[in-house]
Each structure stands twice: as structure tokens, then as C-alpha cells.
Number of protein chains: 2
Amino acid sequence: MRSYDQYCSVAKSLDLVGDRWTLLIVRELILRGACRYTDLRNGLPGIASNLLADRLRELEQAGVLSREDAPPPIATTLFSLTPRGEELEPVLAGLFRWGIPLMGDQKPADVVKSHWLAGALEQMLVDHQPTGPEATIVLEVGNEPIILELRGGAVAVRTGRPKAADVKLTGPPMPIIGLLLGRLDPGDARTRVIDFQGDLAILDRLHASPGPAITLAADS
Amino acid sequence: MRSYDQYCSVAKSLDLVGDRWTLLIVRELILRGACRYTDLRNGLPGIASNLLADRLRELEQAGVLSREDAPPPIATTLFSLTPRGEELEPVLAGLFRWGIPLMGDQKPADVVKSHWLAGALEQMLVDHQPTGPEATIVLEVGNEPIILELRGGAVAVRTGRPKAADVKLTGPPMPIIGLLLGRLDPGDARTRVIDFQGDLAILDRLHASPGPAITLAADS
DNA sequence: CAGCATCCGCTTTGATACTG
DNA sequence: CAGTATCAAAGCGGATGCTG
């Protein structure tokens with residue numbers, strides 16, 4: 001990309017990561033860790049192969065990612081973020097958050113990947129009942145299950161094979177996200193989302209009102 | 001811009017603000033507040049006029065900014081961020097910070113505007129001596145003076161005409177930034193920078209070590 | 001002058017095919 | 001698997017012109 005030729009740190013940042021696809025490559029590496037070329041292609045549906053190669057070269061040049069040949073048994077090239085590249089995480093976190101309201105309508109052309117949703121949920125979810133028991137929520141959505149683990153006030157989000165779940169939600173992405181963020185109540189959800197299993201009360205821990213007593217106290 | 005067609009909040013964000021120039025327009029509106037078309041052109045040297053018009057239309061459409069005709073005496077159109085647009089501030093803040101290490105070499109082609117530097121400094125500076133007296137630092141750099149006001153632990157950064165200054169630094173941008181961030185000591189600075197006026201000790205308040213006593217305590 | 005729209009040459013991107 | 005090569009289409013930059 002042609003430089004903006006502005007002595008401004010935003011412009012200098014965008015000189016390096018402002019190209020089309022570039023921040024999505026960083027997204028993949030943040031969410032997935034070290035990736036093969038093919039993993040990146042799978043995580044970036046729509047990218048042209050030559051563009052991916054170009055971008056990887058530019059990002060390596062810029063010190064954002066590094067390329068290393070994995071040891072003999074694997075025999076492949078792995079791309080991963082450098083520490084400098086990982087410093088882009090706050091920028092990506094901002095974009096994950098800002099884009100949530102734009103995810104209302106999943107267009108027919110839209111591809112869904114579970115790890116993208118996991119990244120967004122990680123930015124948005126808080127356990128408002130930190131003293132509660134550990135709990136596991138599993139979402140069957142996208143191409144692989146998403147696992148939310150509530151423990152000590154934190155919500156860990158990952159994808160993969162779940163062992164056990166206190167609640168399991170199966171259905172299309174949008175109503176499930178709305179339900180988790182508290183923008184859709186279980187009544188509406190039942191008509192749009194598909195299937196609940198387990199104790200729905202656990203979902204209340206993700207919403208803002210810890211209980212009537214505190215709500216009343218805030219009102220007084 | 002063509003959509004990425006990915007059901008991911010980062011991709012959806014970039015569908016709206018990932019185009020060339022778009023985030024720099026948001027930068028201008030965050031730093032400057034409501035702007036006229038001409039103000040934006042001045043703050044975005046290098047942009048083609050038609051492109052600016054296109055982007056403003058797209059951003060208005062996306063709900064990021066609004067256009068309003070100022071009242072009669074002014075008779076111009078003002079562009080300003082909507083609340084939704086202001087929510088991009090964390091993203092811009094991230095880019096301001098991430099780009100600081102890229103500002104080493106001001107290339108001959110680079111344009112400098114003081115309000116860009118002000119935005120970067122606002123993200124980086126902290127007063128480590130919050131109980132100290134109020135102090136004003138003035139930077140004569142770029143096209144207009146930058147005023148740093150230390151008060152109660154906060155560092156307010158603005159551009160404009162200063163009233164009085166405890167320290168005044170005059171010179172090229174890079175060494176002045178280095179000096180403020182503590183990456184360049186006054187000895188080196190004197191050979192590269194320029195001109196000091198006033199009490200340089202105030203600059204120490206911007207650096208990490210609050211004093212020998214605390215440093216020793218931390219070591220023990 | 002402020003706020004665009006049009007035109008044109010150049011660069012970047014997208015889609016697909018091909019290779020060590 | 002990890003890329004190149006090719007070429008058409010889209011996007012961008014710069015100049016200029018138009019309208020209140």
C-alpha cells in the first residue's frame with residue numbers, strides 16, 4: 001500500500017496494517033496461534049492465494065509475524081505473531097467489540113467460523129456472579145462447538161471438544177449471541193433459537209443485574 | 001469496499017471502516033470535533049477530493065458520522081461523529097499507541113500536524129507525581145503549539161495558543177517525543193533538539209521512576 | 001470559496017490455473 | 001503444502017470543472 005506520508009502514529013500503523021485482509025490475518029493468528037499457510041487460507045475464506053502470500057511477506061518484513069520451519073516430523077512452515085504483532089491485540093479487541101452491533105443479520109453469503117464468534121464473546125462476556133460455582137456452557141454453532149467456562153469471575157472462551165456442559169445451546173449464531181448478551185430473552189429465543197439443554201439460570205450470571213437487592217439499592 | 005462476507009465482528013467492522021482513508025477521517029473528527037469539508041481536507045493531506053466525498057457519504061450511511069448545516073451566521077456544513085462513531089475511540093487509541101515506535105524517522109515526504117502528535121501524546125503520557133503542583137509544558141513543533149497540562153495526575157493535551165509555560169521545547173518532532181517519553185535524555189536531546197526554556201525537572205514527572213525511595217522499596 | 005462530480009491513467013485486488 | 005503466474009475488474013490519485 002502506498003504510504004499516507006503523514007507523521008502520525010495512526011497513519012504509520014495503517015501504512016503497515018491498513019491494507020485489505022491484513023488485520024484479518026492478525027485476527028487469525030491471535031485467535032489460533034501459530035498457523036500453517038493452509039490454516040490461514042481456511043480461516044480467511046475469499047482471500048486470493050497470491051494476496052495471502054504478499055501480505056505474509058509484508059507482515060514478516062514489518063516485524064509483525066515470523067515464519068519458521070517446524071522440526072522434521074512436521075515438515076511445514078508455521079506463521080506466528082511476534083511480540084510486536086501481539087501488541088495489536090488491543091486494536092483487534094476494539095474491532096471485535098465495535099462490530100458486535102453489526103452482526104444482526106447473517107447474510108446468505110456470510111461464512112461462519114466458530115473461533116471468530118469465540119473472539120467476539122471473549123470481549124463481551126463477564127461473569128457477574130464471581131462467587132458462583134464453576135460452570136460450563138457449550139454452544140453448538142458454526143463449524144465447531146464453543147465452550148464457555150465460568151470460573152472465579154472470568155469467562156474463558158475456547159473452541160473444541162467439550163467434556164461436560166451445564167447448559168448447551170444449539171442454533172444459528174445471531175439469536176445465541178443475543179441470548180448470551182442478554183438482548184434476547186429466553187421466551188423470544190425459544191421461537192428463534194433451536195434447542196436448550198440444561199440449566200438456563202446459569203445464563204443470568206452473564207447479565208448485568210446481580211439481584212433485586214442491589215438493583216433496589218441503586219435506585220434509592 | 002467489497003464485503004468480506006464473514007460473519008465475524010472484526011470483518012463486519014472492517015466492512016465499514018476498513019477502506020483506505022476511512023479511519024483517518026475518524027481520527028480527524030475525534031481529534032478536532034466537528035469539521036467542515038475543507039478542514040478535513042487540510043487534516044488529510046493527500047486524499048483525493050472525490051474520495052473524501054465518497055467516504056463521508058459511506059460513513060454517514062453507516063451511522064458513524066452525521067452532517068448538519070450550521071446555523072445561518074456560519075453557513076457551512078459540519079461533519080461530526082455520532083455516538084456510534086465515538087465508540088471507535090478505543091480502536092483509534094490502540095492505533096495511536098501501536099504506531100509510536102514507527103515514528104522514528106520522519107521521512108522528507110512526511111507532513112506533520114500538531115494535533116496528530118497531540119493525539120499520540122495523550123495516549124502515552126502519565127503524570128507519575130500526581131501530588132505535584134500544576135504545570136504547563138509547551139511544545140513548539142509542527143504547525144501549531146502543543147500544550148500539556150499536568151494537573152492531579154492527569155495530562156491534558158491540546159493545541160492552540162498557550163498562556164504561560166513552565167517549560168517550552170522547540171524542535172523537530174522525533175527528539176521531542178523521545179524526550180517526553182523518557183527515551184532520550186536531555187544530554188542527547190541538547191545535541192539534536194533544539195531549544196529548552198524553563199525548568200526541565202518537570203519532565204521527570206512524565207517518566208516512570210517516582211523517586212529513589214520508592215525505587216529502593218521496590219527492589220527490597 | 002465550500003462541496004462536490006467527472007475523467008483518465010495507474011495500482012491493487014480477485015479468480016483461477018499452475019508448480020516444486 | 002506453500003506458494004507463482006496471469007489477467008480482468010475494481011479502486012485510487014491527480015487534475016480539472018461545475019454549482020451554489
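Since the structure is predicted, the reported quantities are computational estimates derived from the model, not experimental observations. Within every chain, numbering begins at 1; the chains are lettered A, B, ... in the order of the sequence lines, protein sequences first and strands thereafter.
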- Message: If the condition is side-chain hydrogen bond (donor to acceptor under 3.5 Å, both in side chains), which residues does A/Asp15 pass it with, not counting sequence neighbours?
- Response: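 In terms of side-chain hydrogen bond (donor to acceptor under 3.5 Å, both in side chains), with neighbours along the sequence ignored, A/Asp15 is linked to A/Ser3.
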- Message: Once side-chain hydrogen bond (donor to acceptor under 3.5 Å, both in side chains) is applied, do any residues pair with A/Glu87, and if so which ones, sequence neighbours excluded?
- Response: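 Partners of A/Glu87 by the side-chain hydrogen bond (donor to acceptor under 3.5 Å, both in side chains) criterion, ordered by chain and then number, come out as A/Arg84.
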Quick one: side chains of residues 46-61 of chain B, donor-acceptor pairs under 3.5 Å with protein atoms, not counting sequence neighbours, listed by atom name and distance.
residue	atom	partner	partner atom	Å
B/Ser49	OG	B/Tyr37	OH	3.0
B/Asp54	OD1	B/Arg57	NH2	2.9
B/Arg55	NE	B/Arg20	O	2.9
B/Arg55	NH2	B/Arg20	O	3.4
B/Glu60	OE1	B/Arg67	NE	3.0
B/Glu60	OE1	B/Arg67	NH2	3.1

- For nucleotides 4-20 of chain D, just jot down a letter per nucleotide in 5' to 3' order: B, S or -, based on protein non-hydrogen atoms under 4.0 Å. BBB-----SBB------
Counterpart residues, salt bridge (charged side-chain N to carboxylate O under 4.0 Å, His left out), relative to [X] (two or more places apart):
X	result
B/Glu144	B/Arg32
B/Asp166	none
A/Arg97	none

- Give every residue pair that meets the ring-ring contact (aromatic ring centres under 6.0 Å, His included) criterion with at least one member in residues 2-30 of chain B, sequence neighbours excluded.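 Every ring-ring contact (aromatic ring centres under 6.0 Å, His included) pair that includes a residue of residues 2-30 of chain B, provided the two are not neighbours, is A/Tyr4-B/Trp21, A/Trp21-B/Tyr4.
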- Task: For DNA chain C, note the earliest and the latest nucleotide, 5' to 3', having some atom under 4.0 Å of a heavy atom belonging to chain A.
- Result: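 So the outermost contacting nucleotides come out as C/dT13 to C/dA15.
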- Query: Tell me the side-chain hydrogen bond (donor to acceptor under 3.5 Å, both in side chains) pairs involving residues 168-196 of chain A, sequence neighbours left out?
  - Reply: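 The answer is A/Asp195-A/Gln197.
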- Helical bend (five base pairs per end, nearest 10°) for the helix from C/dC1-D/dG20 to C/dG20-D/dC1: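 Here the local axes at opposite ends form an angle of 30°.
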- Which atom names give the shortest non-hydrogen contact between A/Ile176 and A/Leu139, and what distance separates them?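 Scanning both residues, the minimum pair turns out to be CG2-CD2, 4.0 Å.
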List, one per line, each side-chain donor-acceptor pair under 3.5 Å for residues 152-165 of chain B, sequence neighbours excluded.
residue	atom	partner	partner atom	Å
B/Arg158	NE	B/Glu149	OE1	3.4
B/Arg158	NH2	B/Glu149	OE2	3.3

